[in-house]
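Report on the following structure.
Here the structure is a predicted model, which means the values were calculated and not measured.
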Amino acid sequence: TQREICPVSSALYLLSTDAGSGKTALALALFENLAKKVARPAVFRPVTQSGSDDHLIDLLLSRLPDAQRPDTEACFGVTYQDRHDDTDAARQRILEKFRDLKADYDGILVIGSDYTDVGANTELDHNIAIARDLGTPVVTIISGRGSRGPRSASDIGSAAEHALEHLVEAKLPMISVVANRVAPEEADDAKTELEQSVSNLSLDIPVSVVPELPILSAPTLRDVAQAIEGEMVSGSEDHMSKVAAHPIVAAMRLPRALEHLKNDALVIVAGDRIEMIIAMLAATKASGFPSPNGIVLSGGFNPDPVTIRLLSDIAGDIPVLASEKQTIDLATTITSLSGRIHPSSARKIEAALDHTRQWFPAADLVDRIATTPTTAVTPLMFSHDVFERAAGVKQHIVLPEGIEPRILKATERILSRGLASITLLGDPEKVTQIARSCGADISGAKIIDPVSDPLRERLAKAYAKARAHK
């Protein structure tokens with residue numbers, strides 16, 4: 001059923017606590033529900049690798065009609081490089097762009113950084129600081145996978161408690177914590193561990209556990225071909241967007257290989273084992289057998305032209321790739337690959353939405369964001385509010401210390417934000433020279449020399465008259 005349109009402006013920060021959290025699927029679920037709840041939804045990424053060229057921005061905006069999509073330039077704050085150059089200026093820029101976007105859109109999903117920067121060990125602290133500046137409620141993601149593979153339930157609980165302690169200390173308004181990409185056999189115990197971590201910190205927020213769904217992180221056949229420097233010897237280019245969800249090395253006898261076959265598999269087989277290649281391709285047409293999405297031939301044993309014709313006739317559109325690499329090297333490379341959910345990944349998008357609908361209460365969380373208060377006010381939030389109020393009643397300020405570098409830099413900031421008009425007192429030539437030396441742009445200010453300006457005599461008379469009765 002159509003959800004009620006909410007007229008209030010609201011935002012939610014999706015904050016992962018480390019890399020590999022699989023937040024794309026959760027972001028997709030939250031954004032789909034936000035788009036049902038508000039008339040004008042938007043996405044905002046405070047920090048990205050390459051500005052507006054960001055896979056999450058592209059994916060989520062692709063879910064909206066063209067006329068409803070915000071400009072991608074408005075959907076990011078700064079780059080990692082901007083943050084390295086000047087952290088304080090970057091935080092200020094993030095807050096300004098977020099508030100500009102919030103002024104035009106009813107609901108915003110803010111998505112934290114990807115932990116791909118060289119300073120990834122401090123990334124959680126940066127995300128917490130940004131979430132505080134923006135004043136948004138937070139959904140915290142704990143990854144069910146570590147650098148060495150799936151985490152145990154107890155490891156997930158420990159990671160959650162460590163991260164939540166930081167968020168509680170920062171007084172962030174949390175509305176949920178979710179463990180994502182959890183090994184299915186650890187799901188029940190992981191939820192118990194999460195509930196205990198939340199209880200230990202006296203938090204009253206719901207927890208959820210989303211089991212790993214391999215297809216969501218699986219690379220496409222195109223990703224595989226690029227990684228192994230493979231050449232397509234038969235099949236359709238259109239099918240290269242299919243996923244390689246289950247790499248299988250067919251180094252055993254044929255009956256055993258067929259027992260291990262799965263739907264969406266990528267079969268790795270020596271290029272000179274023609275009988276195995278034909279059998280795997282025949283499985284795509286036979287009833288009662290799983291259907292692989294592609295085959296990789298190893299060892300540089302490319303089939304002869306006659307065999308390729310036969311393979312093409314059997315395979316149809318199923319891509320068959322050939323590589324010079326040996327089987328073990330191919331298996332190592334392919335199993336280390338991970339794939340993103342792209343706007344064109346219709347099957348992955350559908351799978352992500354179906355899976356999260358079962359395990360992740362996205363609709364309930366979107367309903368909560370408009371009613372979750374934020375009590376923390378950071379210095380940056382306070383100063384930004386003051387600046388906004390000042391800009392609303394623009395005044396004229398006269399600053400007497402026109403040759404003081406701090407005054408000149410403050411003048412630049414005030415003028416750049418349109419907060420007030422400025423008059424500086426001092427020798428115009430000297431003021432300009434000092435401003436240039438300290439890198440302050442004061443071109444929008446008026447400069448008056450109090451020694452030679454005609455106003456000096458008029459003001460002196462007015463002052464004398466005012467003091468006459470003293």
Is a side-chain donor or acceptor of Asp106 paired with a backbone partner of Pro41 at a separation under 3.5 angstrom? no

Does atom NZ of Lys409 have more than 12 heavy-atom neighbours, drawn from other residues, nucleotides or ligands, at distances under 6.0 Å? no

If we count only N and O atoms by modelled type, under 3.5 Å, do the side chains of Gln81 and Asp85 hold a donor and an acceptor together? yes

Closest approach of Ala351 and Ile215, non-hydrogen atoms and distance? CB-CG2, 4.0 Å

Quick test of your reading: applying salt bridge (Lys or Arg N to Asp or Glu O under 4.0 Å), list the pairs with at least one residue in residues 347-358, sequence neighbours left out, ordered by first then second residue. Asp264-Arg347, Asp354-Arg357

Applying salt bridge (Lys or Arg N to Asp or Glu O under 4.0 Å), name anything that partners Glu237, two or more places apart in sequence or on another chain. Arg222

Residues in side-chain contact (heavy atoms from CB on, under 4.5 Å) contact with Lys446, at least two apart in sequence or another chain: Thr423, Ile448

Check whether any side-chain heavy atom of Ser291 sits under 4.5 Å from a side-chain heavy atom of Asn263, and report yes or no. yes

side-chain contact (heavy atoms from CB on, under 4.5 Å) for Ile130 and Val47? Distances and angles first, verdict last. CA-CA 10 Å; Ile130 292 168; Val47 183; 3.9 Å; yes

Take Asp54 and Phe76 through the test side-chain contact (heavy atoms from CB on, under 4.5 Å) and record every step on the way to the result. CA-CA 9 Å; Asp54 178 79; Phe76 85 99; over 6 Å; no

Minimum heavy-atom separation for Val43 and Leu60, please, with both atom names. CG2-CD1, 3.7 Å

For the student: nearest non-hydrogen atoms of Leu34 and Leu109, plus distance: CD2-N, 3.9 Å

Side-chain heavy atoms of Trp359 within contact of Val209, under 4.5 Å: no

Is the shortest side-chain heavy-atom distance between Leu59 and Ile349 below 4.5 Å? yes

Using ring pair (Phe, Tyr, Trp, His ring centres under 6.0 Å) as the criterion, list what pairs up with His260, not counting sequence neighbours. none

Dump the intermediate steps for side-chain contact (heavy atoms from CB on, under 4.5 Å) on Leu15 and Leu124, then the final yes or no. CA-CA 8 Å; Leu15 189 156; Leu124 177 59; 3.7 Å; yes

Which pair of non-hydrogen atoms, one from Ala25 and one from Leu216, has the smallest distance, and what is that distance? CB-CD1, 4.0 Å

Rounded to the nearest 0.5 Å, what separation is found between the OG1 atom of Thr332 and the CD1 atom of Ile228? 12.5 Å

For the CZ atom of Arg181 and the CD1 atom of Ile156, what is their distance to the nearest 0.5 Å? 11.5 Å

Thr356 versus Leu28: any side-chain heavy-atom pair under 4.5 Å? no

CZ of Arg340 to NE2 of His55, rounded to nearest 0.5 Å, is 4.5 Å

For Arg45 and Gly112, indicate whether the former's side chain and the latter's backbone hold a donor-acceptor pair under 3.5 Å. yes

Determine, step by step, whether Met174 and Leu164 satisfy the side-chain contact (heavy atoms from CB on, under 4.5 Å) criterion, reporting the C-alpha distance in whole Å, the side-chain angles of both residues, the deciding distance to 0.1 Å, and the verdict. CA-CA 9 Å; Met174 288 179 281; Leu164 293 176; 3.6 Å; yes

Distance-only criterion, 3.5 Å: show the donor-acceptor pairs between side-chain atoms of residues 188-196 and protein atoms not counting sequence neighbours.
from	atom 1	to	atom 2	distance (Å)
Thr192	OG1	Asp188	O	3.3
Gln196	NE2	Asn200	OD1	2.7

Closest non-hydrogen atoms of Leu330 and Leu297, given as atom of the first, atom of the second and distance, are CD1-O, 4.4 Å

Would you say that more than 12 heavy atoms from the other residues, nucleotides or ligands in this model lie under 6.0 Å from the CD of Gln226, or not? no

Kindly state each residue pair satisfying ring pair (Phe, Tyr, Trp, His ring centres under 6.0 Å) with at least one member in residues 31-51, sequence neighbours excluded. Phe44-Phe98

Any side-chain heavy atom of Ser208 sitting closer than 4.5 Å to one from Pro361? yes

Assess whether a salt bridge exists between Asp86 and Arg93, defined as any Lys/Arg side-chain N lying under 4.0 Å from an Asp/Glu carboxylate O. no

Check: Thr411 side chain, Ile442 main-chain N or O, donor-acceptor pair, under 3.5 Å: no

Between Ser176 (side chain only) and Val139 (backbone N and O only), is there a donor and an acceptor less than 3.5 Å apart? no

Please identify each residue that fulfils ring pair (Phe, Tyr, Trp, His ring centres under 6.0 Å) with Tyr13, with sequence neighbours left out. none

Is a donor on one side and an acceptor on the other found under 3.5 Å between the side chain of Glu231 and the backbone of Ala322? no

Heavy-atom closest pair, residues Ile94 and Gly77: CG1-CA, 4.2 Å

Can you tell me if Arg83 uses its side chain to pair, donor with acceptor, with the backbone of Val78 under 3.5 Å? no

Can you list every pair that meets side chain to side chain donor-acceptor pair (under 3.5 Å) and has a residue in residues 57-72, with sequence neighbours left out? Glu32-Arg63, Asp66-Arg69

Contacts of Ile414 meeting side-chain contact (heavy atoms from CB on, under 4.5 Å) (sequence neighbours excluded), chain-then-number -> Leu419, Ala420, Ile422

Compute whether any side-chain donor of one residue and acceptor of the other, for Asp223 and Thr220, lie under 3.5 angstrom apart. yes

Hey, is the main chain of Gly157 close enough, under 3.5 Å, to the side chain of Ser197 for a donor-acceptor pair? yes

In plain terms, say whether Lys23 and Asp114 are close enough for a salt bridge, that is, a side-chain N and a carboxylate O under 4.0 Å apart. yes

If you round to the nearest 0.5 Å, how far is OH of Tyr115 from OG1 of Thr17? 6.0 Å

Counterpart residues, salt bridge (Lys or Arg N to Asp or Glu O under 4.0 Å), relative to Lys242 (two or more places apart): none

For the pair Asn180 (side chain) and Ser21 (backbone), establish whether a donor and an acceptor sit closer than 3.5 Å, ignoring hydrogens and angles. yes

Using a 6.0 Å cut-off, check whether atom CD of Glu229 has over 12 heavy atoms from anything other than its own residue. no

Could you tell me whether a side-chain N or O of Asn293 sits under 3.5 Å from a main-chain N or O of Val243, the two making a donor and an acceptor? yes

Determine yes or no for a side-chain-to-main-chain donor-acceptor pair under 3.5 angstrom, with Thr122 supplying the side chain and Asp125 the backbone. no

Mind checking salt bridge (Lys or Arg N to Asp or Glu O under 4.0 Å) for Arg436 and listing every partner two or more places apart, or none if nothing turns up? none

Output all residues satisfying side-chain contact (heavy atoms from CB on, under 4.5 Å) with Ser50, sequence neighbours left out; order by chain, then residue number. Asp53

